[in-house]
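Okay, so here's the structure we're looking at.
Whatever order the structure lists ligands and atoms in, that order sets their numbers, starting from 1. The first residue in the sequence is number 1, and the count goes up from there. What you see below is based on every heavy atom in this structure, not just the backbone, and it leaves out hydrogens, waters and symmetry mates.
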Amino acid sequence: MLRTQPFEAAIFDLDGVIVDTAKYHYQAWRRLAGELGFGFSESANEQLKGVSRMDSLELLLRSGGVTGLTPEQKEELASRKNEWYKELLETLTPGDVLPGVSSFLSHLRSKGIRTAIASASRNAPLILEKVKIRAMFDAVVDGNSIAKAKPDPEVFLQAARLLGAAPENCYVFEDAEAGVEGAIRAGMRVAGIGDGQLLARAHLTVTSFEQLEPVFLLGQIGAAGRREEGSGRDE
Ligand code: BG6
Ligand code: MG
């Protein structure tokens, strides 16, 4: 059975991993698509997960066949979406932290594992404050401090540097294909939280942290992970 190799730092994506904000991003993008006169499906939205605000807008416009906009028009559309998104964030409370997250974080920290957020979002500080979970992280790297969006590894490497950990000693937790790819490019191990087929490049996948905690407690990733003995990525 595959076992989790020791790691000293845990790096978490925020939207869709710590808090269920991925659905609010989707609602706001779908509203924008509606105003522009086209539909936007949940499966098309998967490609936007983990991707920066402007890159997401480009993908959305492409999916609706919208071309020829000026940079100023694009800025205006992105900020319109962001205002709607922030209205939805107003309703956030600590109860929106996803199931199993708080107890998983407490468990890791009790074992001396350092923790960080690595998010593409410029709204990360606001979200962390609203759900009152900032104190559970030793470092936060977000869209305000990175130049290159996932799948570039920058956000993960910066988090590892702040935690004083080598990439090979970091475990990343991600719900987006772009994030899984970025973590792999950073030379880190990565757990996919969500659809095992979409996140097939991750070292293991689970549907929620409630499933993940026992895996890490027991140190056995074959037990609840997607992969059976011998079929995982090289550890
Ligand atoms: C990522 C989300 O965390 O942040 C993306 O998965 C989002 O959907 C990106 O586009 C940027 O977020 P924000 O809040 O700065 O628009
Ligand atoms: Mg995410």
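Between the choices Asp15, Asp13, Val51, the shortest heavy-atom distance to atom 5 (C) of ligand 1 belongs to Val51.
Checking side-chain atoms of Gln73 against main-chain N and O of Thr70 turns up a donor-acceptor pair under 3.5 Å.
Taking the six-membered ring for Trp and the full ring otherwise, the centers of Phe40 and Phe38 sit at least 6.0 Å from each other.
Heavy atoms of Leu48 come nearer than 4.0 angstrom to ligand 1 in at least one pair. The shell of residues lying under 4.0 angstrom from ligand 1, judged by heavy atoms, includes Ser56. Contact between Gly143 and ligand 1 is absent, with no heavy atom of the residue lying under 4.0 Å from the ligand.
Because its NZ or CZ atom is not both nearer than 6.0 Å to the ring centre of Phe137 and within 45° of the ring axis, Arg134 does not count as a cation-pi partner of that residue.
Within the 2.8 Å limit, Asp13 places at least one N, O or S atom next to the Mg ion (ligand 2).
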- Hey, mind stepping through Glu90 and Lys86 against salt bridge (Lys or Arg N to Asp or Glu O under 4.0 Å) and telling me if it holds? CA-CA 6 Å; Glu90 277 308 309; Lys86 285 202 300 193; over 6 Å; no
- Derivation and outcome, salt bridge (Lys or Arg N to Asp or Glu O under 4.0 Å), residues Glu181 and Arg201: CA-CA 7 Å; Glu181 185 59 33; Arg201 301 247 305 137; 3.1 Å; yes
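Ion pairing between Glu168 and Arg189 fails under the 4.0 Å rule for side-chain N and carboxylate O. Checked for salt-bridge contact, Arg109 and Asp138 meet the test: a charged N lies under 4.0 Å from a carboxylate O.
Contacts between Ala120 and ligand 1, counted as non-hydrogen atom pairs separated by less than 4.0 Å, involve both the backbone and the side chain.
The protein non-hydrogen atom at the shortest distance from atom 6 (O) of ligand 1 is Gly50 N, 2.7 Å. Atom 15 (O) of ligand 1 has its closest protein heavy atom at Arg122 N, 2.6 Å.
Angle O (Asp15) to the Mg ion (ligand 2) to OD1 (Asp175): 100°, rounded to 10°.
Within a 6.0 Å sphere centred on CZ of Arg80, heavy atoms belonging to other residues, nucleotides or ligands number more than 12.
Checked against a 3.5 angstrom limit, the closest N/O atoms of Lys49 and ligand 1 fall outside it. For ligand 1, the polar-atom distance check against Arg53 finds a nitrogen or oxygen pair separated by under 3.5 Å.
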